[in-house]
Number of protein chains: 2
Amino acid sequence: MADLTLEDIAKQAGVSRSTVSRVVNNHPNVRGEVRQRVLQVIEDTGFHPNAAARTLASQRSWTIGLLLPHSVSFFFTDPYYPHLTKGIAQACNQYNYTLALFLVGTKEDEEKIFPRVSRKGLLDGVIVQAGHHGDQEIIGHLVDAAMPLVVAGRPFRSDNVSYVDIDNINAAASAVSHLVRLGYQRIGTISGPANSTVGLDRKEGYVKTLKERGRSVDDSLIAEGDFTEAGGYYAMQKLLPAKPDAVFAASDIMAIGAMRAAKEAGLNIPDDVAFVGFDDLPIATLSSIQLTTIRQPVIQFGVKSVELLIDQIETGNTTPRRVILDTELVIRESCGASRRK
Amino acid sequence: MADLTLEDIAKQAGVSRSTVSRVVNNHPNVRGEVRQRVLQVIEDTGFHPNAAARTLASQRSWTIGLLLPHSVSFFFTDPYYPHLTKGIAQACNQYNYTLALFLVGTKEDEEKIFPRVSRKGLLDGVIVQAGHHGDQEIIGHLVDAAMPLVVAGRPFRSDNVSYVDIDNINAAASAVSHLVRLGYQRIGTISGPANSTVGLDRKEGYVKTLKERGRSVDDSLIAEGDFTEAGGYYAMQKLLPAKPDAVFAASDIMAIGAMRAAKEAGLNIPDDVAFVGFDDLPIATLSSIQLTTIRQPVIQFGVKSVELLIDQIETGNTTPRRVILDTELVIRESCGASRRK
DNA sequence: CTGGAAATTGGGAGCGCTCCCATTATTAAT
DNA sequence: ATTAATAATGGGAGCGCTCCCAATTTCCAG
């Protein structure tokens with residue numbers, strides 16, 4: 001089990017270093033019998049080629065980085081991030097890549113992480129979870145460093161980067177349309193932060209829908225949240241005086257916080273106030289009132305990001321590509337659809 | 001920004017490769033003036049030494065792996081894991097290590113991940129989140145491969161491995177004692193799965209306490225959960241016929257599921273049935289009834305694991321060490337303490 | 001059989017660093 | 001000024017692999 005090298009295996013199998021390398025890397029042009037013999041020695045010895053040596057010689061590390069900037073606090077507060085991470089990890093595993101995780105919290109974190117991410121010989125490419133205003137800098141860095149890059153979510157300046165996203169505007173619109181269709185008159189929204197594309201787009205979908213339906217947009221029915229449960233709770237408290245009869249929250253976790261505030265205010269869901277969330281994470285079905293929500297394919301989101309990135313790494317083609325995934329309105333209890341029909 | 005090497009920097013600064021290396025690695029024995037000159041060139045060019053070359057030459061990758069086996073499903077279901085991950089990521093960052101994340105879900109995942117984790121030249125050490133019965137195999141592998149290793153949580157066979165843990169038995173005991181002290185008569189528990197040390201230990205703390213207090217242990221007041229919200233919900237439903245007046249749940253997320261079941265059954269919390277959870281994750285304060293719980297220092301858990309591991313890596317001392325972190329009972333509403341006093 | 005093409009195999013060079021040792025410059029002490 | 005110490009520097013070897021090319025073997029048609 002000691003530190004074996006290609007040369008050791010070669011000696012034991014009575015061939016050359018090169019032949020062992022060919023076997024390990026599944027190159028053709030090795031006689032079947034020889035390949036078997038080498039494979040046997042590898043099996044017996046439990047040999048694995050040294051990753052660093054391989055990386056140095058081939059200039060490929062088979063490692064990709066996942067960079068979660070400005071989102072560290074959310075990472076543990078909004079189950080969306082763990083789910084995304086899971087999709088990415090799964091896909092990495094499938095394609096035989098190792099996943100390096102970079103959680104950026106503070107400014108000092110940035111300073112330590114940036115060089116590491118762009119340093120040669122560590123990562124073949126990077127996935128950046130973006131959509132926050134401050135992310136532009138990192139993305140710029142990475143583009144400058146000619147690092148293969150895929151952004152998960154639409155970046156603020158989205159030219160010349162590949163990204164995977166959903167159509168947040170239309171997805172939000174479909175949620176709000178649903179509420180309009182059910183006859184609600186005072187539809188409010190709890191939006192995401194204004195410095196995030198997701199926050200902006202989902203709010204835009206809300207505004208757009210109301211306008212299209214000839215409704216007025218009332219600022220007292222719009223509150224900004226921060227994608228946390230607590231944020232949803234406080235946003236709802238701000239909305240309460242305006243007496244909304246329905247609320248579209250820009251994430252499930254905020255919807256749950258908002259429902260908590262509504263319940264504490266003595267309101268009945270969905271009779272006094274209806275809710276639609278966004279994400280359709282498992283928590284949506286675990287609250288005491290099943291949440292109507294927009295389903296987005298989170299795992300798929302991760303998988304697609306990895307696939308796009310690997311394609312870039314392996315073909316060298318860095319032409320920006322974008323993939324927009326489908327969303328779907330999932331009707332459950334919280335919107336009151338069953339009672340209003 | 002192109003691919004610079006030590007040699008390039010050396011040429012530009014008019015020194016040798018070795019001197020640049022000394023500067024980069026902060027070795028002494030470089031004249032101040034020379035050091036400044038080299039630093040300047042590095043700054044100007046944005047040079048970073050190639051990670052793979054460095055790893056190959058020094059046999060140190062400055063990367064540690066976090067292996068989450070059998071827990072992938074929980075990873076996204078119990079916020080405990082993201083929090084642990086955060087602590088580990090933070091500490092890695094602080095000590096200038098890169099974190100590689102390995103989520104093991106299926107059997108095929110294992111087969112792909114095991115060789116990668118034990119392969120030379122990729123990881124300097126590994127943290128395994130353990131406590132599940134099936135983890136023993138991986139740990140054995142890693143020990144055989146002489147890979148520096150720290151287990152987060154007590155492994156089933158805990159000899160000859162370093163680990164970080166809390167005293168689950170006594171922590172659970174303090175939760176149950178609290179309920180006894182408040183005068184509850186029919187104290188039930190929702191335990192973790194029997195194939196986990198955590199599940200077993202917390203249940204043992206429950207049983208031990210009841211016995212010490214001269215209470216009988218009633219099997220109908222013990223239900224097994226799986227550390228998910230849904231698991232807590234179903235476990236509570238099983239407990240309901242036995243009419244517990246208090247329940248100790250082995251995790252916050254299960255407590256929340258259990259409270260949902262209780263509310264649906266028309267019970268009042270804490271008047272009809274009181275609850276104590278375990279973990280003190282942020283969700284504990286976000287449910288409509290603030291959860292009394294056992295606080296464990298999750299972030300600290302991650303940080304300690306990293307520190308123990310790095311010590312092992314850097315000193316080469318693999319003598320098994322164990323660190324037991326403190327827990328604390330946090331009294332809020334769900335146990336009814338305020339009304340019973 | 002024989003020659004030439006194709007398949008197989010081996011070895012050198014090199015990826016970019018660290019580490020060691022020999023060399024040279026500097027300092028302090030006589 | 002001379003020598004012995006120490007500090008600073010440069011260059012070779014080597015980490016373990018991949019990739020290329022040259023050498024060898026195998027194969028098949030004539």
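These figures come from a predicted structure and were not determined experimentally. Each chain gets a letter, A, B and so on, in the order the sequences are listed, and its residues count up from 1.
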Derivation of the side chain to side chain contact (heavy atoms under 4.5 Å, CB included) call for I310(B) and Y97(B): CA-CA 9 Å; I310(B) 291 181; Y97(B) 277 74; 3.6 Å; yes
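Considering every non-hydrogen atom in both L123(B) and A100(B), the closest pair reads CD2-CB, 4.1 Å.
Here the CG atom belonging to L142(B) is positioned 8.5 Å from the CZ atom belonging to F114(B), to the nearest 0.5 angstrom. Atom CG in L149(B) sits 7.0 Å away from atom CD in Q312(B) (nearest 0.5 Å).
A salt bridge does not link E111(B) to R116(B): none of the charged side-chain nitrogens sits closer than 4.0 Å to a carboxylate oxygen.
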Annotated protein contacts, base or backbone, on nucleotides 9-21 of chain C with a non-hydrogen cut-off under 4.0 Å, one of B, S, - each: BBBBBBBBBBBB-
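Distance R37(A) CZ to dT8(C) C1': 13 Å, rounded to the nearest Å.
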